[in-house]
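The next block holds one structure in the form of structure tokens; read it before the comments.
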Amino acid sequence: MRGVVWLIVYLFFILAPLFALLLGSLPPARSFWTEFSVAIGYAGLAMMGLQFGLTARFRHVTEPWGEDVIYHFHRQISLVAVALVVAHPIILFVTRPELLVLLNSFTAPWRARFAALSTYSLIALVVMALWRAKLKIRYETWHLTHIVLAVVAVTAGILHMVGWSFYLGDPWKRGLWIALTVSWIGLLAYVRIVKPLVVLRRPYRVSEVRKERGNTWTLVMQPDGHDGFRFRPGQFGWLTVWGSPFKITAHPFSFSSSAAASDGRVEMSIRELGDFTDEIGKVPVGRRVYIDGPYGAFTLGHPADMHVLIAGGVGITPMMSMIRTLADQGDERPVLLLYGSKDWDAITFREELEVLKTRLDLTVVHVLERPPADWKGESGFITVEVLERHMPAPFADHEYFICGPDIMMDAIEGALGKLNVPISKYHSERYSFV
């Protein structure tokens with residue numbers, strides 16, 4: 001229900017400013033296509049401004065869906081906003097060719113120049129977001145550029161709107177858009193000033209850097225001068241290691257430690273995958289770090305006869321938090337872990353999982369992509385046949401958690417569909433937010 005309420009609020013802030021322009025005194029009527037292009041331009045600008053809210057990490061907003069869903073929605077709705085903003089001038093140029101002179105930035109009025117700047121910034125933002133990996137742009141560089149382009153795009157769009165002022169004749173209409181602009185600036189200030197100040201006052205100290213199998217390192221962090229925070233197994237936090245919370249880029253990682261720990265200690269297990277993660281093994285013990293969390297709806301707590309955890313690669317980290325927590329709580333329900341890895345030596349937490357079998361009703365099924373010659377277990381990938389071989393029926397009674405590479409998660413969700421498992425019974429977390 002809370003999710004429905006927030007969705008209505010989101011639509012209200014997009015559509016209400018648009019319909020408000022139709023109230024009060026109105027300017028002379030123009031052609032349908034002119035008015036239509038202006039309407040989608042206003043809607044696109046409202047969507048762009050609300051993007052600052054989607055990435056502000058308000059827990060009450062993200063809890064109904066999970067942070068990863070919010071970020072993926074942020075990405076998809078950005079494409080819609082850009083399409084609306086780009087369609088606005090295209091429609092005008094097609095229906096009113098005389099306006100093509102506005103493309104000449106040397107002779108066009110300043111309000112048209114701001115429109116061009118906003119549009120070009122949005123196009124650059126989308127290109128860099130969609131093809132960051134292919135363009136070989138470092139995550140930190142992309143993140144800073146992404147923020148700068150977003151601010152430029154929204155600011156230039158507002159200045160363009162104010163410059164034309166065709167629908168802003170009434171003072172209260174100008175006041176409405178001024179209030180919206182102030183709220184967008186406030187969201188940005190909250191994310192970049194207020195929130196970092198809160199995190200700055202609650203630092204952590206690295207007490208251990210532990211080498212794991214599979215090119216993975218575990219950071220063990222203790223609260224420094226405070227009691228820490230409570231999290232639910234499967235949640236994650238935004239970690240800042242090199243620098244302060246005011247640094248532009250923090251990195252999201254799942255907690256791998258038990259949520260039942262009473263000393264505030266948290267652990268994050270991070271695989272070396274390039275850029276920032278390659279430096280994790282070099283973090284010195286005693287270093288002060290910062291964690292903004294907890295976040296995420298990928299958690300235990302739903303009624304079920306057993307838990308089925310399906311992990312691929314580094315997707316094992318939230319599953320380890322769940323298994324360790326269930327063991328510490330003495331949970332008697334059966335747990336089935338289907339764990340896909342490249343080879344036997346790359347299985348992170350392999351030895352600990354064997355120990356955890358003695359503490360709870362845990363069954364571990366390793367699925368190896370490149371098994372050794374004498375391997376007698378499952379090989380290849382986790383398929384619907386593998387699921388059927390190891391899960392007891394009825395399949396719809398279990399609670400499922402899926403985390404790993406996108407291609408694996410797509411396949412597993414499809415397999416569960418074939419087994420008639422309702423979507424309400426499985427939970428997915430895609431840890432690639434970009």
Side-chain angles (χ1 to χ4, degrees), residues 10-11 13-18 21 37-57 70-93 99 102-105 108-132 135 137-168 174 176-193 248-249 433-434:
Y10 179 81
L11 292 174
F13 276 100
I14 290 176
L15 298 177
L18 177 62
L21 298 177
S37 70
V38 171
I40 63 175
Y42 274 112
L45 181 59
M47 286 183 180
M48 288 161 51
L50 283 176
Q51 294 294 70
F52 294 121
L54 290 177
T55 57
R57 305 177 198 166
I70 292 295
Y71 269 80
H72 283 287
F73 177 74
H74 163 77
R75 182 172 61 185
Q76 299 301 324
I77 206 67
S78 292
L79 299 178
V80 176
V82 171
L84 293 177
V85 170
V86 172
H88 164 59
I90 290 177
I91 293 174
L92 287 177
F93 294 148
L99 295 179
L102 297 177
L103 293 175
N104 187 338
S105 297
W110 63 267
R111 55 184 181 265
R113 297 177 189 177
F114 279 123
L117 177 60
S118 178
T119 303
Y120 298 151
S121 298
L122 280 176
I123 293 173
L125 185 150
V126 169
V127 169
M128 293 181 67
L130 294 180
W131 291 284
R132 180 185 70 89
L135 294 173
I137 303 173
R138 284 178 56 87
Y139 175 78
E140 292 78 8
T141 303
W142 167 83
H143 195 186
L144 175 60
T145 308
H146 188 79
I147 294 171
V148 171
L149 288 173
V151 172
V152 169
V154 173
T155 303
I158 292 171
L159 291 173
H160 164 68
M161 177 191 68
V162 172
W164 286 103
S165 297
F166 191 77
Y167 277 102
L168 301 180
R174 291 194 297 271
L176 173 64
W177 278 93
I178 290 172
L180 282 175
T181 303
V182 170
S183 69
W184 297 339
I185 295 172
L187 288 170
L188 186 61
Y190 172 80
V191 173
R192 295 301 163 191
I193 299 176
I248 290 294
T249 301
F433 288 174
V434 182

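Heads up: numbering here begins at 1 and tracks the sequence. All values below come from the heavy atoms of this structure, side chains included, with hydrogens, waters and symmetry mates left out.
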* Structure fact -> Between the CG atom in L130 and the CG atom in L79, the distance rounded to the nearest 0.5 Å is 5.5 Å
* Supply the atom-to-atom distance L117 CG to L159 CG, rounded to the nearest 0.5 angstrom. =>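 Nearest 0.5 Å value for the CG-CG distance: 9.0 Å.
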Side chain to side chain contact (heavy atoms under 4.5 Å, CB included) against [X], all qualifying residues, sequence neighbours excluded:
| X | result |
| --- | --- |
| V154 | M48, F52, I158, W184 |
| I178 | V182 |
| L103 | F93, L100 |

Identify, with sequence neighbours excluded, every residue that meets ring pair (Phe, Tyr, Trp, His ring centres under 6.0 Å) alongside [X].
| X | answer |
| --- | --- |
| Y120 | none |
| W110 | F114 |
| F73 | Y10 |

All N/O donor-acceptor pairs, side-chain side in residues 80-87, below 3.5 Å, sequence neighbours left out:
none

* H88 versus I40, closest heavy-atom pair with distance -> N-CD1, 4.0 Å
* To do: For residues S121 and A153, report the shortest heavy-atom separation together with the two atoms involved.
  =>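 Heavy atoms only, the tightest pair is CB-CB, 3.9 Å.
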Can you sort out the partners of [X] under side-chain hydrogen bond (donor to acceptor under 3.5 Å, both in side chains), two or more places apart, ordered by chain and number?
| X | result |
| --- | --- |
| W164 | H160 |
| T119 | none |
| H146 | none |

* Asked: Quick one: salt bridge (charged side-chain N to carboxylate O under 4.0 Å, His left out) partners of R138, sequence neighbours excluded?
  -> E140, D275
Do the side chains of [Y] and [X] get nearer than 4.5 Å, heavy atoms only?
| X | Y | value |
| --- | --- | --- |
| V148 | L144 | yes |
| P109 | L102 | yes |
| L149 | M128 | yes |

* To do: Please list all pairs passing the side-chain hydrogen bond (donor to acceptor under 3.5 Å, both in side chains) test where one or both residues lie in residues 40-53, with sequence neighbours left out.
  => Q51-H74, Q51-S78
* Look at the side chain of R113 and the backbone N and O of A108, then say whether any donor-acceptor pair between them is shorter than 3.5 Å. =>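 It does hold such a pair.
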* Counting N and O atoms only, with roles assigned by atom type, does the side chain of T141 sit under 3.5 Å from a partner on the main chain of I137, one being a donor and the other an acceptor? ->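 Such a contact is absent between T141 side chain and I137 backbone.
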